[in-house]
Amino acid sequence: MNPEGPGPELDRLTWTEVRDAIARDAGVIIPVGATEQHGYHLPLSTDVVLAHALALAVAEQADVLVAPALAYGYRSRPLSGGGQGFPGTISLSASTLIAVLSEVLGELIRHGFRRLAVVNWHYENENFVYEAAWLAHERASRSDARILVFENPGGEPSDEVMRALFADEFPGWAAEHAAILETSLMLHLAPDLVRMDRAVDDEAPRRPGYDIVPPPDDLVARSGTLWKATQATASKGELAWAEIVRTVTDELMSEFATGDPDTR
Ligand SMILES: [Zn+2]
């Protein structure tokens, strides 16, 4: 984006600026997060903050707008998000999430965007964001739009990042909630939002290899932190973030470059 210009956030533009972005075939990213507890030390907005920051970081290098983030996600599950019992966790059912996201994608396609991306930062949203993209494409009046779905942006970190983050032990990504990675990223990106003096190491009393509905109390970590938040540092966050931004930016730019039906 032009550094002198109004920036990449779609809702800060005028309609004529959006029209011009569509005319030059700019892409658009929708960040998707959740309003979900993240322990004693991180805000409910953590997943939205990270999804939005990632979209903005990509927009520094790629010609993409960033649509308003979807701040509500699918139901928090005890073994990956602490569950629905924590005050302030506000979630959608799967069908509502799919409906909202697919309709937003449909609106962007209707206006002429052809290069779309969903950047998700909430474990429980996976699959549902893919379904939303599928339905939006199926229902679109035009077939030249493509939607990249980053369910788990950046994918598996490099060995270097894994060693830096989890020198001790890696609990699996589901348990990495409000723990080392997310806390480190927030310390790097939004330190004002982190109450690091309240961070704890915690885990659910029991982590079976299946789920239980309704969730019994012993599947819920009391603090809402599912692993070791005290091991988080801003420098771990900086290292991990650089890799995530680089990976997603490269993937998006190369897909959008090859995705043009006119140049295929
Ligand atoms: Zn999170």
Side-chain angles (χ1 to χ4, degrees), residues 30-57 69-92 94 97 101 118-129 149-157 161 165-166 170-196 198-204 207 215 219-234 236-238 240-241 243-245 248:
I30 304 176
V32 181
T35 298
E36 183 188 36
Q37 75 79 24
H38 276 71
Y40 299 136
H41 65 296
L42 293 177
L44 296 158
S45 62
T46 294
D47 291 353
V48 189
V49 168
L50 295 174
H52 192 237
L54 181 54
L56 290 177
L70 185 51
Y72 299 102
Y74 178 66
R75 227 181 288 287
S76 178
R77 294 172 58 172
L79 296 174
S80 50
Q84 288 292 117
F86 294 83
T89 294
I90 303 169
S91 305
L92 303 175
L97 171 63
L101 183 57
V118 175
V119 168
N120 170 55
W121 199 287
H122 176 58
Y123 189 85
E124 287 88 336
N125 287 345
E126 293 186 16
N127 280 317
F128 305 132
V129 294
V149 183
F150 294 92
E151 286 174 288
N152 172 26
E156 282 302 305
V161 169
L165 290 173
F166 306 109
F170 175 56
W173 290 115
E176 229 318 302
H177 176 82
I180 302 173
L181 174 64
E182 283 191 317
T183 306
S184 296
L185 293 176
M186 289 295 279
L187 285 170
H188 171 54
L189 295 164
D192 293 355
L193 296 178
V194 185
R195 290 74 151 170
M196 199 56 199
R198 300 190 208 160
V200 296
D201 296 349
D202 198 5
E203 59 187 310
R207 288 192 67 85
L219 260 54
V220 177
R222 272 185 80 81
S223 66
T225 290
L226 307 194
W227 189 243
K228 299 178 178 177
T230 66
Q231 295 186 2
T233 66
K236 289 178 184 177
E238 186 177 10
W241 188 245
E243 185 172 275
I244 293 166
V245 170
V248 174

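Both ligands and their constituent atoms are indexed starting at 1 by order of listing. It should be emphasised that the depicted structure is a prediction, and the values quoted were computed from it without experimental measurement. Both backbone and side-chain heavy atoms feed into the values below; hydrogens, waters and symmetry mates do not.
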N, O or S atom of His122 closer to the Zn ion (ligand 1) than 2.8 Å: no

Atom of Asp47 nearest the Zn ion (ligand 1) (restricted to N/O/S, atom name only): OD1

Ser76 side chain to Gly81 backbone, donor-acceptor under 3.5 Å: yes

His122 (side chain) donor-acceptor with Val32 (main chain) under 3.5 angstrom: no

Shortest-distance N/O/S atom, Glu182 versus the Zn ion (ligand 1): OE2

Heavy-atom donor-acceptor pair, Glu36 side chain to Thr89 backbone, under 3.5 Å: no

Considering all heavy atoms, the nearest Ala240-Leu181 contact: CB-CD1, 3.8 Å

